[in-house]
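To start, the structure under review is shown below, and the notes come after it.
Since the structure is predicted, the reported quantities are computational estimates derived from the model, not experimental observations. When reading the values below, keep in mind they use all heavy atoms of this one structure, side chains included, and skip hydrogens, waters and symmetry mates. Chain A is the first sequence line, chain B the second, and so forth, proteins listed ahead of strands; every chain is numbered from 1.
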2 protein chains.
Amino acid sequence: MLPGSKAVQAPRDADPGRRGRIIRESARLFRERGYERTSVRDIASATGLQSGSWVYYFRTKQEILAAVMEEGLQRSLVRIEAIGQQAGAPRARFEALVRTHLETLLAPGQDFIPVLLYDWRSLEAAARPRVVALQRRYEAVWDTVIAELRAAGEWTGATRIDRLLMFGALNWIAHWYRPGGGLDVRALAAEATRFFLRGGGRSLKRKPGRRTR
Amino acid sequence: MLPGSKAVQAPRDADPGRRGRIIRESARLFRERGYERTSVRDIASATGLQSGSWVYYFRTKQEILAAVMEEGLQRSLVRIEAIGQQAGAPRARFEALVRTHLETLLAPGQDFIPVLLYDWRSLEAAARPRVVALQRRYEAVWDTVIAELRAAGEWTGATRIDRLLMFGALNWIAHWYRPGGGLDVRALAAEATRFFLRGGGRSLKRKPGRRTR
DNA sequence: CCTTTTTTCAAGCAAGCGCTTGATCTAGAC
DNA sequence: GTCTAGATCAAGCGCTTGCTTGAAAAAAGG
């Protein structure tokens, strides 16, 4: 029988098991080269298996891709929805959302969300609705906080378009951000919040950082 | 002999010839399915050729991808640099840049830039420097106008980071924008300019538009 | 210790891939 | 017409791909 429905939930950051390791290594490879350029043989050898052994855990390569995306979204969602239920000033909660978003986007070893963003086209139509449903829950939290910001007079403009522009600015960071380049995620989150909300935050002094594309 | 170095430059929007048609159809297919999922047979049949005939115009499939990206950047660059040399209020010129950027990004039949953004990973390292050089020229124009905005007090914050955030917001639009959804490119450009610069512009009323991801 | 179940191996199939090849067609110059 | 160079055809080679397969190894249960 196929595994996956374990009776006991594994503790956080524990040994993820073969299946979890396949997901993690696949995420890394998908992010580096893209889904199509990653062969199942690449995945097998990165996990320390023989060419056909992954089939015991997943039926198809597509199923691995879907698992990567859902795993990443689930993890982010836990943190984002927790912030959504906290109390506090809207601006502070907004910045917390931004910081959490960037952490799950940029933290090393967390390649799930970049894969979701870059390889969406490679996910077959049948698997998309489940992922989209998770994204909807994700956006709902943001919309709530944005509504609070608007009530406080800190957000003007059309919510939907502005939110899409904002996600664009944030998600695009994965294209150019290089860890260890003199700009950590927390500072970047503050800078981005200032960019979206104007004022309140303080602009960064530039360090002699890395090149970007 | 290989064609491509014609003595006379073809007039705008004239018949692009076989080579040009291969580039155009490839751009369309690359955008829809991605570079890896597009086979040279797909390209051939979309252009009305037999499976191996494209080799007369390009040595490798990679060469087609590079041609698509450079073609698109060259076209955009002509328009962007023209705006860079115009006179006028900084804000108006900035909005013109935004509008032009969005037109080359979203206009139907202009799939070059989306391919550049989505399939960058698929471009082999050897071909990248030429494309990057064109991008540098592109960004230089923006930096000039942003410097003017800053002098006029309309742009605060770290130029480099803010410019990257801004490009993120703009480029991401290609993910969610649907032509004919009650929001034309000109209005979108105005909305985006307001988002970046705050104030001056007027927010859009929402029409009962399309879904987005 | 033997049986049963879970997990892994290692060879390989069928299909699709980028690209090659030698022949064929087309059109203008003489 | 004849020649020639440019342009296209159509078959297919060699390789990689996702996935299958039948068996072997390892773990678990009694």
Sole candidate of A/Arg75, A/Arg130, A/Arg128 that passes salt bridge (charged side-chain N to carboxylate O under 4.0 Å, His left out) when paired with A/Glu70: A/Arg130
A/His101-A/Asn171 side chain donor-acceptor pair, cut-off 3.5 Å: yes
SB check B/Arg194 A/Asp162 (cutoff 4.0 Å): yes
Between D/dA25 (P) and A/Leu49 (CG): distance, integer Å: 17 Å
Closest to side chain of B/Tyr56, choosing from D/dA7, C/dG18, D/dC9: D/dA7
Separation of C/dT7 P from A/Arg19 CZ (nearest whole Å): 12 Å
Distance, rounded to the nearest Å, where A/Phe58 contributes CZ and C/dT8 contributes P: 12 Å
Passing candidate, side-chain contact (heavy atoms from CB on, under 4.5 Å) with B/Leu65, options B/Thr60, B/Thr38, B/Val115: B/Val115
Nearest-nucleotide comparison on DNA chain C, the residue closer to the 5′ end among B/Lys61 and A/Gly48: A/Gly48
Interatomic distance where CD belongs to A/Glu36 and P belongs to D/dG18 [whole Å]: 9 Å
Spacing of B/Ile64 atom CD1 relative to C/dC19 atom P, expressed in whole Å: 8 Å
Ring centre gap for B/Phe167 and A/Trp176 strictly below 6.0 Å: no
Integer-rounded Å distance: C/dT7 C1' and A/Arg21 CZ: 13 Å
Sugar-phosphate only, base, or nothing, as touched by A/Ser51 at under 4.0 Å among non-hydrogen atoms: base
Toward the 5' end of DNA chain D, by each residue's nearest nucleotide, A/Gly52 or A/Asp42: A/Asp42
Proximal nucleotide (of D/dC9, C/dC19, D/dC19) relative to the B/Ser53 side chain: D/dC9
A/Arg41 side chain, from C-beta outward: closest of C/dC13, D/dT8, C/dG18: C/dC13
Side-chain N,O (B/Arg18) to OP1/OP2 (D/dT8) below 4.0 Å: yes
Separation of D/dT17 P from A/Leu65 CG (nearest whole Å): 17 Å
Atom pair distance, as rounded to whole Å: OH in A/Tyr57 and P in D/dC19: 18 Å
Sugar-phosphate, base or nothing in reach of B/Ser39, heavy atoms under 4.0 Å: sugar-phosphate
Nearest-neighbour nucleotide for the A/Gln50 side chain, C/dC19, C/dT7, C/dC9 considered: C/dC9
Sugar-phosphate only, base, or nothing, as touched by B/Thr47 at under 4.0 Å among non-hydrogen atoms: nothing
